[in-house]
Chemist: 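Before we start, here is the structure in question, set down as structure tokens.
Throughout, a chain's letter reflects where its sequence line sits, starting with A, and its residues are numbered from 1.
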Protein chains: 2
Amino acid sequence: MDVVTRLQLHNIKPSVQRIAIMQYLMDHHTHPTADEIYTALSPSIPTLSKTTVYNTLKLLSEHGAAQTLTIDERNTCYDANTAAHGHFLCKRCGKIYDLSTAEAPVQSQFMEGHNVHEIHYYYKGICKHCLEEERLYITKNN
Amino acid sequence: MDVVTRLQLHNIKPSVQRIAIMQYLMDHHTHPTADEIYTALSPSIPTLSKTTVYNTLKLLSEHGAAQTLTIDERNTCYDANTAAHGHFLCKRCGKIYDLSTAEAPVQSQFMEGHNVHEIHYYYKGICKHCLEEERLYITKNN
DNA sequence: GTACGTGCAAAGAATTTGCAGATAA
DNA sequence: TTATCTGCAAATTCTTTGCACGTAC
């Protein structure tokens, strides 16, 4: 879908900054932080301020155009994929991976009497790439 | 289980402060923040410092004697229940509720090639008590 | 021209770090 | 004694706020 259309569908006026940030999220499925987005876009939009990145990410999240991830204790991350899907955080390299929805717990609007709006689930451990590196290291040194 | 025993089982030396903090977590299933624990224990241990609370919570978490919750974007919360169980955060009152393990997604040590150490899943919405209050309010005003 | 959007600088909040004194095996 | 633990103060990091200027319709 077109970026501008997507913003409009969520009742967000498409400014240059908002388009750039939404576009970045749609292009990069790396679950970036506000700072990463700012650093990436700063060269092409020199006047961009971090405040605007924070404002825009909050706006996108509130209007359902992006998802806020609170996996990492340090930073809040953002994801253009707003469908309920799991995440895996590697404790070694810090990368966040998407997990297929197959792993999702059963969804329901009500749970033990509470009205559920958002579903988040994630796992932490060592990712397959770090496991592979470790395996190579062990092989090499034995 | 006894607090001291629990600490020792996780290879943590039981100091006065550590016992008090572990005890607090075991007694209060309110998923407190470092600050809440500090405020609660400060009167009985006047020399207690926030640094020690932070240090201890980190230690408990690293040694598997407590679980770190990153549901709330603002503060890190802690839970003495280290078994995989879900949480529900009420967006209105801010309370965190435990969910029965029945709602848990299927567990496995490996997932899409990644080695899973921790499983976290949580939901956000309006809790049953806030729903009830809202219902009473509507009834009263119509 | 009026409402909205942007960005600087400052404030705020949560957590960490450096270090010196206290404590315990 | 010797390593570990504690706690104050300062630093750090992430995020929000206040406010004035710009921009768009």
Chemist: Given atom CG of N75(A) and atom P of dC14(D), what is their separation to the nearest angstrom?
Modeler: 5 Å

Chemist: Using the rule given for side-chain contact (heavy atoms from CB on, under 4.5 Å), can you reason through H87(B) versus L99(B), listing the C-alpha separation, both sets of side-chain angles and the distance that settles it, and then say yes or no?
Modeler: CA-CA 5 Å; H87(B) 293 99; L99(B) 293 176; 5.9 Å; no

Chemist: Would a hydrophobic clustering, with Ile, Leu, Val, Met, Phe, Trp and Tyr connected at side-chain separations under 4.5 Å, put I37(A) with V3(A)?
Modeler: yes

Chemist: Tell me the interatomic distance from I45(A), atom CD1, to dT6(C), atom C1', rounded to whole angstroms.
Modeler: 12 Å

Chemist: Which pairs pass salt bridge (Lys or Arg N to Asp or Glu O under 4.0 Å) with one or both residues in residues 78-95 of chain A, sequence neighbours excluded?
Modeler: K91(A)-E118(B), R92(A)-E134(A)

Chemist: When the nearest nucleotide of DNA chain D is assigned to R74(B) and to P46(B) on a heavy-atom basis, which residue is associated with the more 5' position?
Modeler: P46(B)

Chemist: Which of residues 47-72 of chain A have a heavy atom under 4.0 Å from DNA chain C?
Modeler: T47(A), L48(A), S49(A), T51(A), T52(A)

Chemist: As a quick check of understanding, evaluate ring pair (Phe, Tyr, Trp, His ring centres under 6.0 Å) for H114(A) and Y97(B), giving each step before the final call.
Modeler: CA-CA 10 Å; H114(A) 311 304; Y97(B) 296 82; 4.5 Å; yes

Chemist: Can you measure L41(B) atom CG to dT6(D) atom C1' for me and round it to whole angstrom units?
Modeler: 15 Å

Chemist: Residues from residues 6-40 of chain A sitting under 4.0 Å of DNA chain C, heavy atoms only?
Modeler: K13(A), S15(A), Q17(A), R18(A)

Chemist: Same cluster for Y121(B) and I71(B) if Ile/Leu/Val/Met/Phe/Trp/Tyr side chains link at under 4.5 Å?
Modeler: no

Chemist: Between the side chains of E73(A) and K58(B), is the shortest nitrogen-to-carboxylate-oxygen separation below 4.0 Å, so that they form an ion pair?
Modeler: no

Chemist: Give a yes or no on whether L57(A) and L7(A) share a hydrophobic cluster (residues Ile, Leu, Val, Met, Phe, Trp, Tyr; joining criterion: side-chain heavy atoms under 4.5 Å apart).
Modeler: yes

Chemist: Which heavy atom of R6(A) sits nearest to which heavy atom of T82(A), and what is that distance?
Modeler: NH2-CG2, 4.3 Å

Chemist: Check for me, please, whether L60(A) and Y78(A) land in the same ILVMFWY cluster - side-chain distances under 4.5 Å, paths through other members count.
Modeler: yes

Chemist: For the residue pair Y24(B) and H28(B), does the interplanar ring angle fall in the parallel (under 30°), tilted (30 to 60°) or perpendicular (over 60°) class?
Modeler: parallel

Chemist: Scan nucleotides 1-3 of chain D against the protein and return all N/O pairs shorter than 3.5 Å with their distances rounded to 0.1 Å.
Modeler:
none

Chemist: Kindly give the cluster partners of F110(B), where membership spreads through any ILVMFWY side chain lying under 4.5 Å from a current member.
Modeler: I126(A), L131(A)

Chemist: Produce a footprint string for nucleotides 19-25 of chain D: one letter per nucleotide, 5' end first; B if the base is under 4.0 Å from any protein heavy atom, S if only the sugar-phosphate is, - if neither.
Modeler: -------

Chemist: Please answer whether the main-chain N or O of T70(A) pairs with a side-chain N or O of T70(B) as donor and acceptor at a distance below 3.5 Å.
Modeler: yes

Chemist: Group every Ile, Leu, Val, Met, Phe, Trp and Tyr by side-chain heavy-atom contacts under 4.5 Å, then state whether L25(B) and I19(B) land in the same group.
Modeler: yes

